[in-house]
Amino acid sequence: MADNARAKKLADLIREVVAQKLQRGIKDPRLGTHVTITDTRVTGDLREATVFYTVYGDDEDRASAAAGLESAKGMLRSAVGRAAGTKFTPTLTFVADALPDTARTIEDLLDKARLSDAAVREASSGAEYAGGADPYKKPGEDEDEDAAAE
């Protein structure tokens, strides 16, 4: 089994080679400049690599990019094999990265929180404390109140 440093180096190399090949070497119109390689992970035995990608566009562009990546998988794997120089070239699996969708969800939640904070801020403007500004008794105040009561 390979160490983690070697797997990370191979993952970085795969990411760079696949990105360069997609940009310059593959003439598939489905891929073009819309596909961005975001991350690559390699298993500990260096046999399988998962390549995460994002696609700029709508669902139709994502589906066509996924089909284009599947059709170019062999060419990309051979380019990785030439660049890596390892005994066994890892098999490539392309997975659409969920990062943009997750970021969009987080942004929506933050917008809701901002609106809620604004509503609370507006409702609390002009409000007064129920028991006065300082509800805690200070030393010496009890004696003043007892003297005033007599």
Side-chain angles (χ1 to χ4, degrees), residues 1-139 141:
M1 183 172 248
D3 59 323
N4 288 337
R6 187 170 177 197
K8 178 151 177 37
K9 280 184 183 180
L10 184 61
D12 291 342
L13 178 73
I14 290 171
R15 186 181 66 233
E16 290 174 14
V17 168
V18 169
Q20 287 176 355
K21 198 71 171 165
L22 286 175
Q23 187 178 21
R24 296 191 188 117
I26 296 178
K27 304 206 182 328
D28 193 344
R30 296 177 289 187
L31 299 175
T33 59
H34 295 34
V35 178
T36 303
I37 305 299
T38 57
D39 193 19
T40 306
R41 295 187 186 147
V42 178
T43 58
D45 61 356
L46 307 179
R47 296 284 181 158
E48 297 175 11
T50 305
V51 180
F52 295 93
Y53 67 94
T54 59
V55 178
Y56 182 74
D58 57 356
D59 290 335
E60 183 179 319
D61 292 335
R62 289 185 190 108
S64 66
L69 286 170
E70 282 299 316
S71 69
K73 187 185 287 191
M75 186 185 309
L76 293 171
R77 185 175 180 212
S78 65
V80 167
R82 280 192 301 275
T86 57
K87 182 177 180 180
F88 182 81
T89 304
T91 59
L92 301 178
T93 305
F94 292 97
V95 176
D97 199 355
L99 186 66
D101 296 332
T102 305
R104 192 173 307 115
T105 303
I106 290 173
E107 284 296 323
D108 291 343
L109 291 172
L110 287 174
D111 288 339
K112 285 181 185 177
R114 283 186 201 106
L115 290 174
S116 174
D117 287 349
V120 168
R121 193 175 305 114
E122 186 177 323
S124 67
S125 65
E128 295 182 14
Y129 293 104
D134 190 11
Y136 300 105
K137 291 186 177 186
K138 297 188 175 42
E141 285 184 2

>> I'd like to check T36 versus D97 (side-chain heavy atoms, cut-off strictly below 4.5 Å). Are they in contact?
In response: no
>> When you compare the side chain of L69 with that of L92, does any pair of heavy atoms fall below 4.5 Å?
In response: no
>> side-chain contact (heavy atoms from CB on, under 4.5 Å) for F52 and T50? Distances and angles first, verdict last.
In response: CA-CA 6 Å; F52 295 93; T50 305; 3.8 Å; yes
> Roughly how far, to the nearest 0.5 Å, is CD1 of I14 from CG of L76?
Replying inline: 11.0 Å
> R114 and D111: salt bridge (charged side-chain N to carboxylate O under 4.0 Å, His left out), yes or no, with the steps?
Replying inline: CA-CA 5 Å; R114 283 186 201 106; D111 288 339; 2.7 Å; yes
> Is any side-chain heavy atom of V18 less than 4.5 Å from a side-chain heavy atom of F94?
Replying inline: yes
> Taking all atoms of both residues into account, what is the closest heavy-atom pair of V42 and A49, and its distance?
Replying inline: CG2-CB, 4.1 Å
> OG/S116 to CG/L109 distance, rounded to the nearest 0.5 angstrom?
Replying inline: 12.0 Å
>> Under a 4.0 Å threshold between the charged nitrogen and the carboxylate oxygen, would K8 count as salt-bridged to D12?
In response: yes
>> Tell me the closest heavy-atom pair linking T43 and R47, and the distance in Å.
In response: OG1-N, 3.5 Å
> Just how far is it from atom NZ of K73 to atom OG1 of T93, taken to the nearest 0.5 Å?
Replying inline: 5.5 Å
>> Show the nearest heavy-atom pair for residues L13 and A84, with the distance to one decimal.
In response: CD2-CA, 3.5 Å
>> Just so I know, are the side chains of L46 and L10 near enough to count as touching, which here means a heavy-atom distance under 4.5 Å?
In response: yes
> Between R15 and I37, is there a donor-acceptor pair closer than 3.5 Å when you use the side chain of the first and the backbone of the second?
Replying inline: no
> Is it true that R104 and E107 have a side-chain N and a carboxylate O under 4.0 angstrom from each other?
Replying inline: no
